[in-house]
Asker: 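My questions all concern the structure below.
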Amino acid sequence: MSDPSRYLPQAIEERWQRRWRELDLDDTPDTGEGQPCYALSMFPYPSGSLHMGHVRNYVITDVYARVQRMRGRRVLHPMGWDAFGLPAENAAIERGVNPADWTEQNIAQMRGQLQRLGLSIDWSREIATCHPDYYRWTQWLFLQFLDAGLAYQKEASVNWDPIDQTVLANEQVDGEGRSWRSGAKVEKRLLRQWFLRITAYADALVDDLPALTGWPERVRTMQANWIGRSEGAELRFAVVAPGGSAPIDPICVFTTRPDTIYGATYLVLAPEHPLVDRLTTPEQALAVAAFRDLVSGQSEQDRTAEDRPKRGVPLGSQVINPASGAEIPLWIADYVLADYGTGAVMGVPAHDQRDFLFARRHELPIRQVIIPEGSEADTYLGEAWTQEGVLIESGPFTGLSASEARQAITDAATREGWGQSRRQYRLRDWLISRQRYWGCPIPVVHCPSCGVVPVPADQLPVELPRDVAFSGKGASPLAQLEDWVNVPCPSCQGPARRETDTMDTFMCSSWYYLRYSDPLCDSLPFRREAVDQWLPVDQYVGGIEHAILHLLYSRFFTKVLRDRGLLGFDEPFERLLTQGMVQGITYRNPHSGRYVAPADVSDPADPRDPQTGERLEVTYDKMSKSKYNGVDPARVIETYGADTARMFILFKAPPEKDLEWDDADVEGQFRFLQRIWRLVDSCLQRGLTLAPVAPEAAAPGAAAPQSAAADASAVVPAASGATPAPSPASETDRELRRAVHGAITAVQADLEGNLQFNTAISELMKLSNAMATALEQASPEVAREALRTLLLLLAPFAPHLAEELWQKLGAGADAGGEGSIHRQRWPVADPTALVRDTIPLVIQVKGKVRGSLDVPADADSATLERLALASDIALKWLEGQPPRRVIVVPGKLVNLVP
RNA sequence: GGGAGCGUGCCGGAAUUGGUAGACGGACUCGACUCAAAAUCGAGCGCCCUCGGGCAUGUGGGUUCGAGUCCCACCGCUCCCACCA
């Protein structure tokens, strides 16, 4: 028989998980009392195994959800699967398994692993993006975009991932030109692709960022940078038509510095600019062709490196500077990008460093038109002057400040018809088509006579055919399926072909949080009343890697659907927590660069390479197979239990910081739970138990509705469900009650605003330490109050242990689940318990702490000053001199300044 | 180059937002229990010291009765963007 005095998590966790499921404890109350609260984790890709990053993510959300439930709110806490994607297709190619089957198996396995963590998830709302009853609505939403003119096809130079054999969106290529998934260097290809017009919402996406005060500043800045709005002007330069040829439209440039127009001494086009051929003179044709060949052979990476020499060739034609009237030469250069602005730049060497370098290299004139205030024009410029200043040599604008001139010149251009102000964005439209099988089919048909025809809504979903041949090469496997591809046109019934590209999986994940509000709805993606009840998400938790990708796309979707009248809010996620990485201890031989598995390191205090005996370098790194530094959550749960894993991951670091996984620390966390177990056990041995709570006082929603006052402040007199305040007799009782109610106040503060689980748990430790010494001397009522409170505060963090001890102590009259600790109300602090008769008053002399004095808690400033001056401390440090100044901070300190 | 953030014991990290720096935990040391080990319990744990104290929150300055917290400069680290005109 197992020793009842020992904490054996394995013996209790599964039992409670089963019991809670029977009681439907985690069901979402769609109606009833209490404010709705939506707690959401970013849903996982079903890779087949849960890793520590998942555990951290879901535990954070779970604790949040559990606390909100105990505080009387109706909580939606769902889970689902971001189930389309390449790994399934690759498994099909490599091992011949069907992607759908592979995905289903992985989901089943991961669902089991999640359930072992004791997460309070409403599994009845589970979704998977690869199920037809989900992707039917992804397709329906795509058609909404199409209908709104926000989805279109165009031929464009796009990012091609040579490993995954598909195109990618700009957001999915990192700063080094690598695919976010495969890590391959992407290539540029000219292809006809589907885009969503996210740029139409660029202003809204930027302008609404400041209002997202519940988001980390960092994420907001990243999004603003990514959208990259800049204000400037579009200016038109007339072309001096090459001898006798037909007149050519003026060339547009975008500039943020119209004030420097008089300094424009040449104009550059991107080598790919469509006008290049027409503007090249016969003498320059060879040179231009050669240069364009050179550029097209370069990778994006080589081309955009900042420190490269700026190469280019003149086209032979001239344009007219619209402000000065000067004829200036036209060039092409590799430092001008075809897909930003107009693909054309006015060259102002004196006031743009790139233009400066280009002009020097190609001996183009450098004309200074802005000088620092109070200085004179330099005869020799060492570099471009890019800051503010005063205009010179600028016709009627000479003498204006640069900022005045920006406005004045733009106004003049508008008046005279050679330009106007313009906003430019770095953001490009979102490329959503993928040449892969395992994704949501794009629901359109290409008809030779009708063009692009949407599949009618009543024919959705366009289902993925199950049996296809996976080659992994070239076009989507769907294109090979003649039976599937050839369909009658929905419009004219003539022969037509289905679109064979599928959607970027980020399309599926851009609206899943909306579906959870109404997961079974089969007439719409969701009903307006359901989505408006639960959304926006109160607390969203996920990794920083989605700071731009998923979070930007989801904001875009929300705004479009709002404009279509499908929902009634502007932003999907009210508060966002970006949790840090979980890192594993990593051993590396600094000479060979080889990684060594922790299991092969015999002495962690002096880690040596088992082969060479060399000293190993120790770091904490993102867990990965190649570094042998992964920690398997299943193993941790088996060894220590889910409660320990949950507590550890929350305690070890603040949630948004990276967390260094260390088995020794996990051990320490287990010891804490064991101490609580023994604490309760010793109470039971002495016959101390808790009385069952009356069900009507316990059930959330059934109890008095959570009032605004109770929500806003922890420090209100005990409400329903709380024990009547015992009248403590002894000093021990008073101290214990102070510890208990101090803990309630502190934990409450840590869970409000910023979620500081680490300090909340340390408060629980302090309380349990205080109870360990005081419980036996305390009166039974006070001891019971302490026990009850400790377990209630512990319940969201260690749900199984808290429930087990709650029941052992007899607090749950477990009928219909009302007696579960997870149906109890969150404790409310009693402010009178925190009151003390005397407080320690710090005595400072000249700002240095010299001691402290016990003084009556309610003493006024004058009394405090008198007490301080009369103290031994003052006597000693003032050496009889009266202080020049006395600063009294009531309740805190007295500072004597001699 | 532009932007955001960070720097506190051996380590992870606290510090009511200007009021006793180092909460809580880990590691470590000593002690109790034990034949022994583990577990558990108790004590210690920033540095220096002549035991009165002195010095300490990356460095240097400033504001203040009082600065980890505010201001200026510098050093170092992390992340994002970057030939974006």
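Computed from a prediction, not measured in an experiment: that's the story for all the values here. A note on names: the letters A, B, ... follow the listed sequences, proteins ahead of strands, and every chain is numbered from 1.
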Asker: So, is A:N769 near the phosphate of B:A23, with a side-chain N or O under 4.0 Å from OP1 or OP2?
Answerer: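 Checking B:A23 against A:N769, no side-chain N or O comes under 4.0 Å of OP1 or OP2.
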
Asker: If you measure from CG on A:D854 to OG1 on A:T838, what distance do you get to the nearest 0.5 Å?
Answerer: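 Here the interatomic distance stands at 4.5 Å.
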
Asker: Nearest-Å distance, CG (A:L673) to C1' (B:G26)?
Answerer: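 That distance rounds to 15 Å.
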
Asker: Return no unless some side-chain N or O of A:R850 is found under 4.0 Å from OP1 or OP2 of B:G52.
Answerer: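 Negative; the distance criterion is not met.
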
Asker: Has the side chain of A:Q844 got a donor or acceptor atom sitting under 3.5 Å from an opposite partner on the base of B:G19?
Answerer: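 Donor-acceptor pair under 3.5 Å: yes.
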
Asker: Calculate the interatomic distance between A:K892 atom NZ and B:G19 atom P; express it in whole Å.
Answerer: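 Atom NZ in A:K892 sits about 7 Å away from atom P in B:G19.
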
Asker: Expressed in angstrom and rounded to an integer, what is the separation of A:R426 atom CZ from B:G3 atom P?
Answerer: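 So the CZ-P distance, A:R426 to B:G3, works out to 16 Å.
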
Asker: If we ignore angles and hydrogens, is there a donor and acceptor under 3.5 Å between the side chains of A:N629 and A:Y620?
Answerer: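 Note: A:N629 and A:Y620 side chains miss the donor-acceptor criterion.
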
Asker: For A:R884, report the nucleic acid contact type (base, sugar-phosphate, nothing); a contact means any heavy atom under 4.0 Å.
Answerer: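 Nothing: the residue A:R884, judged by heavy atoms under 4.0 Å, touches no strand.
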
Asker: Taking atom P in both B:C70 and B:C6, what distance in whole Å separates the two?
Answerer: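 It works out to 9 Å between them.
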
Asker: Any chance the side chains of A:D203 and A:Y425 put a donor and an acceptor closer than 3.5 Å?
Answerer: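 Yes - a donor-acceptor pair under 3.5 Å links their side chains.
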
Asker: Taking the side chain of A:T759 as its heavy atoms from C-beta onward, which of B:A14, B:C24, B:C41 lies nearest to it?
Answerer: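 Between B:A14, B:C24, B:C41, the one nearest the side chain of A:T759 would be B:A14.
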
Asker: Between B:U40, B:A85, B:G13, which nucleotide gets closest to the side-chain atoms of A:P654?
Answerer: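 Closest nucleotide among those given: B:G13.
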
Asker: Please report the distance separating the C1' of B:U16 from the corresponding atom of B:G9, rounded so that it comes out in whole Å.
Answerer: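 After rounding to an integer number of Å, I get 23 Å for this pair.
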
Asker: Where the side chain of A:K310 is concerned, which of B:A85, B:C83, B:G13 is the nearest nucleotide?
Answerer: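 For A:K310, the side-chain atoms sit closest to B:C83.
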
Asker: Using a 3.5 Å limit on both pairing distances, list the dot-bracket string of RNA chain B from the 5' end; Watson-Crick and G-U wobble pairs count, crossing pairs take [ ], interstrand pairs take |.
Answerer: (((((((..(((......[....))).(((((.......))))).(((....)))..(((((..]....))))))))))))....

Asker: Rounding to an integer number of angstrom, what distance separates B:A4 and B:G18 when you compare their C1' atoms?
Answerer: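 Rounded to whole Å, the distance is 25 Å.
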
Asker: What's the CZ-C1' distance between A:R675 and B:G26, to the nearest Å?
Answerer: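 The distance from CZ of A:R675 to C1' of B:G26 comes to 12 Å, rounded to the nearest Å.
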
Asker: Nearest-Å distance, NZ (A:K846) to C1' (B:A67)?
Answerer: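 It is 16 Å, rounded to the nearest whole Å.
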
Asker: Nearest whole Å is fine: how far is B:G26 P from A:Y620 OH?
Answerer: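 Atom OH in A:Y620 sits about 15 Å away from atom P in B:G26.
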
Asker: Take atom CE of A:M222 and atom C1' of B:C81, then tell me their distance rounded to the nearest Å.
Answerer: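 The answer, rounded to whole Å, is 9 Å.
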
Asker: Under 4.0 Å, heavy atoms only, any strand: does A:R218 hit a base, just the sugar-phosphate, or nothing?
Answerer: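 Sugar-phosphate contact only.
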
Asker: Suppose we call a contact any N or O donor and acceptor under 3.5 Å apart; does that hold for the side chain of A:N225 and the base of B:C81?
Answerer: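 No, the side chain and the base share no sub-3.5 Å donor-acceptor pair.
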
Asker: Scan A:E234 against the nucleic acid and name what it touches under 4.0 Å (heavy atoms): base, sugar-phosphate only, or nothing.
Answerer: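 Nothing, no heavy atom under 4.0 Å.
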
Asker: What is the distance, to the nearest angstrom, from the CG atom on A:L552 to the C1' atom on B:C80?
Answerer: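 To the nearest whole Å, that distance equals 14 Å.
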
